[in-house]
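I have placed the structure first, in the form of structure tokens, so that the comments after it can refer back to it.
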Amino acid sequence: MSASIRPPTPRPCDSCPYRRDVPSGIWAVEEYEKLRRYDVPTPEQPAAVFLCHQNDRGSETSRLCSGWLGCHDTHHLLALRIAALDGTLDTTNLEAAVTYETSVPLFATGNEAADHGEAAIAAPGPDAVRFMDKITRVRRDLEDSQPSLASSGGAAPPARAEGAGPR
């Protein structure tokens, strides 16, 4: 298998669920629950790397989630070990992942990030609604399944964005 996943960005994206400054409630509860799975002991973690939510699923522009790498001790991420063995990540991108650092404030664990993100699922604030609108405009794979909040007219609950998550 040839390497197809790009390295992390220098900063986690503005809607990264690991960022402390991102509004609560912008992602679907299933997306927040994925964050918790990487806090368990290494042998119990998902085998798939966690991808940035800004890219369509299966996109040629898929990249490692910078927040995921910044939050966790990369030496204990099972997914990185498997990606190195199966060729999902080449040597350069693996090195970028293992040595990743950011000055952006992140939650200390996936559980903390998920707790924060799920706190406003039932009633997202105006900032969260703006983020959801932006995400559904950028992600082409969400166009059919996730209507824009602007088109919901406020009559229906906000559509939650689904992330790329583990691959």
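Along the sequence shown, the residues carry numbers beginning at 1. Computed from a predicted model, the values in this text were never measured in an experiment.
Side-chain contact between D39 and H72: present, with at least one pair of heavy atoms (C-beta onward) separated by less than 4.5 Å. Side-chain contact between Y18 and P12 is absent, with no heavy-atom pair separated by less than 4.5 Å. A 4.5 Å side-chain heavy-atom check between L78 and E44 finds every atom pair outside the cut-off. Here the side chains of T9 and C52 are not in contact, with every heavy-atom distance at 4.5 Å or above. Contact annotation: the side chain of L80 never approaches that of F50 to less than 4.5 Å [non-hydrogen atoms, C-beta and beyond]. Side chains of E31 and P17 form no contact here, defined as non-hydrogen atoms less than 4.5 Å apart.
A distance of 11.5 Å separates OG in S24 from CG in D127, rounded to the nearest 0.5 Å.
Note: the hydrophobic cluster containing I82 does not contain L69 (ILVMFWY, side chain heavy atoms under 4.5 Å, direct or indirect links).
A side-chain donor-acceptor contact under 3.5 Å links D86 and T88.
In this pair, W68 and Y38 present their aromatic rings perpendicular. The plane angle is above 60°, beyond the 30 to 60° band.
Among the candidates R130, Q54, K134, H53, the single residue satisfying the side-chain hydrogen bond (donor to acceptor under 3.5 Å, both in side chains) test with S15 is Q54.
Side-chain atoms of S66 do not come within 3.5 Å of backbone N or O of P8 as any donor-acceptor pair.
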